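Since we're looking at a predicted model, the values are computed, not measured.
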Amino acid sequence: MEYLKAFIIGGLICVIGQILIDKTKLTPARILVMYVVAGTFLELFGIYKPLMDFAGSGAGVPLTGFGSTLCKGVIKAINEKGALGIITGGMSAAAAGISAALVFGFLVALIFKSKPKK
């Protein structure tokens, strides 16, 4: 049942993004930023935690989960370090994911050759 809940919630998040791409003039980059910001605000107002408890990775893996992670990191760092935590908290919380994206992106760039668009 956990897999089904994760699939449904994650799929709904993706469907919303696809509808925004198809029905609006928003660029995919702007939609991605909107997702991160939405995840941040949902975490800030205490809405994202119940969604994560219900859907698990279905809510945690999409970009809304990244925004939630950034928000949690900032809140924790502010409680520990004060105002300096605003700057350091988000990056500390998301460091593993950001590092993995950089390393795997570099490895893929070494393996495959890019081609210009025609």
Side-chain angles (χ1 to χ4, degrees):
M1 195 63 177
E2 288 181 45
Y3 294 129
L4 182 62
K5 290 190 281 187
F7 178 78
I8 290 171
I9 298 299
L12 285 174
I13 292 171
C14 294
V15 164
I16 292 168
Q18 191 63 50
I19 290 170
L20 288 172
I21 289 171
D22 292 343
K23 300 294 181 185
T24 68
K25 293 188 185 250
L26 292 171
T27 62
R30 289 185 180 185
I31 294 169
L32 296 176
V33 170
M34 285 175 31
Y35 268 36
V36 173
V37 172
T40 302
F41 279 107
L42 289 172
E43 181 65 39
L44 185 64
F45 295 119
I47 299 168
Y48 209 75
K49 173 128 176 60
L51 186 62
M52 284 280 294
D53 292 341
F54 175 76
S57 293
V61 171
L63 281 172
T64 50
F66 180 68
S68 170
T69 300
L70 290 174
C71 185
K72 284 190 268 190
V74 169
I75 291 170
K76 181 180 175 189
I78 287 173
N79 291 335
E80 293 174 358
K81 301 175 187 175
L84 183 62
I86 296 170
I87 298 169
T88 63
M91 289 302 166
S92 297
I98 293 169
S99 298
L102 289 172
V103 168
F104 289 117
F106 178 72
L107 291 175
V108 168
L110 289 176
I111 296 169
F112 298 101
K113 183 177 181 179
S114 64
K115 297 174 188 167
K117 288 185 176 181
K118 293 181 181 181

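Nearest heavy-atom pair across Tyr48 and Gly60 is OH-N, 4.3 Å. Taking both residues in full, the closest heavy atoms of Pro50 and Gly46 are given as CD-O, 3.3 Å, listed atom of the first, atom of the second, then distance. Of all heavy-atom pairs spanning Gly58 and Ile13, the tightest one is O-CD1, 3.9 Å. Nearest heavy-atom pair, Ala77 versus Gly89, reported as atom, atom and distance to 0.1 Å: CB-CA, 3.4 Å. Closest approach of Cys71 to Leu44, counting heavy atoms only: SG-N, 3.8 Å. Closest of all the heavy-atom pairs between Ser57 and Pro62 is O-CD, 3.9 Å.
Met52 CE to Thr69 OG1: the interatomic distance, rounded to the nearest 0.5 Å, is 7.0 Å. Distance CD1/Ile8 to CG/Leu12: 7.5 Å, rounded to 0.5 Å. Note that the CD1 atom of Ile9 and the CG atom of Leu4 stand 10.0 Å from one another [nearest 0.5 Å]. Here the straight-line distance linking atom CZ of Phe45 with atom OG1 of Thr40 works out to 11.0 Å at 0.5 Å rounding. The OG1 atom of Thr88 sits 9.0 Å away from the CD1 atom of Ile78 when rounded to the nearest 0.5 Å. Rounding to the nearest 0.5 Å gives a distance of 6.5 Å between NZ of Lys5 and CE of Met1.
The backbone N or O of Gly17 lies less than 3.5 Å from a partner atom in the side chain of Tyr35, making a donor-acceptor pair. Ser68 places no side-chain N or O within donor-acceptor distance of the main-chain N or O of Glu43, the cut-off being under 3.5 Å.
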Between Leu70 and Val36, does the side-chain contact (heavy atoms from CB on, under 4.5 Å) criterion hold? Intermediate values first, please. CA-CA 9 Å; Leu70 290 174; Val36 173; 4.2 Å; yes

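Under the 4.5 Å side-chain contact rule for hydrophobic residues, Ile19 and Val33 do not share a cluster. Cluster membership for Leu84 and Ile75, using ILVMFWY side-chain heavy atoms within less than 4.5 angstrom, is not shared. Cluster membership for Ile98 and Leu32, using ILVMFWY side-chain heavy atoms within less than 4.5 angstrom, is shared. A continuous path of hydrophobic side-chain contacts links Leu26 to Val37 [ILVMFWY only; heavy atoms under 4.5 Å]. Under the 4.5 Å side-chain heavy-atom criterion for ILVMFWY residues, a single connected hydrophobic cluster contains both Ile47 and Phe54.
Atom CD of Glu80 is surrounded by more than 12 heavy atoms from other residues, nucleotides or ligands within 6.0 Å.
Considering only heavy atoms from C-beta on, Lys72 stays 4.5 Å or farther from Lys76 through its side chain.
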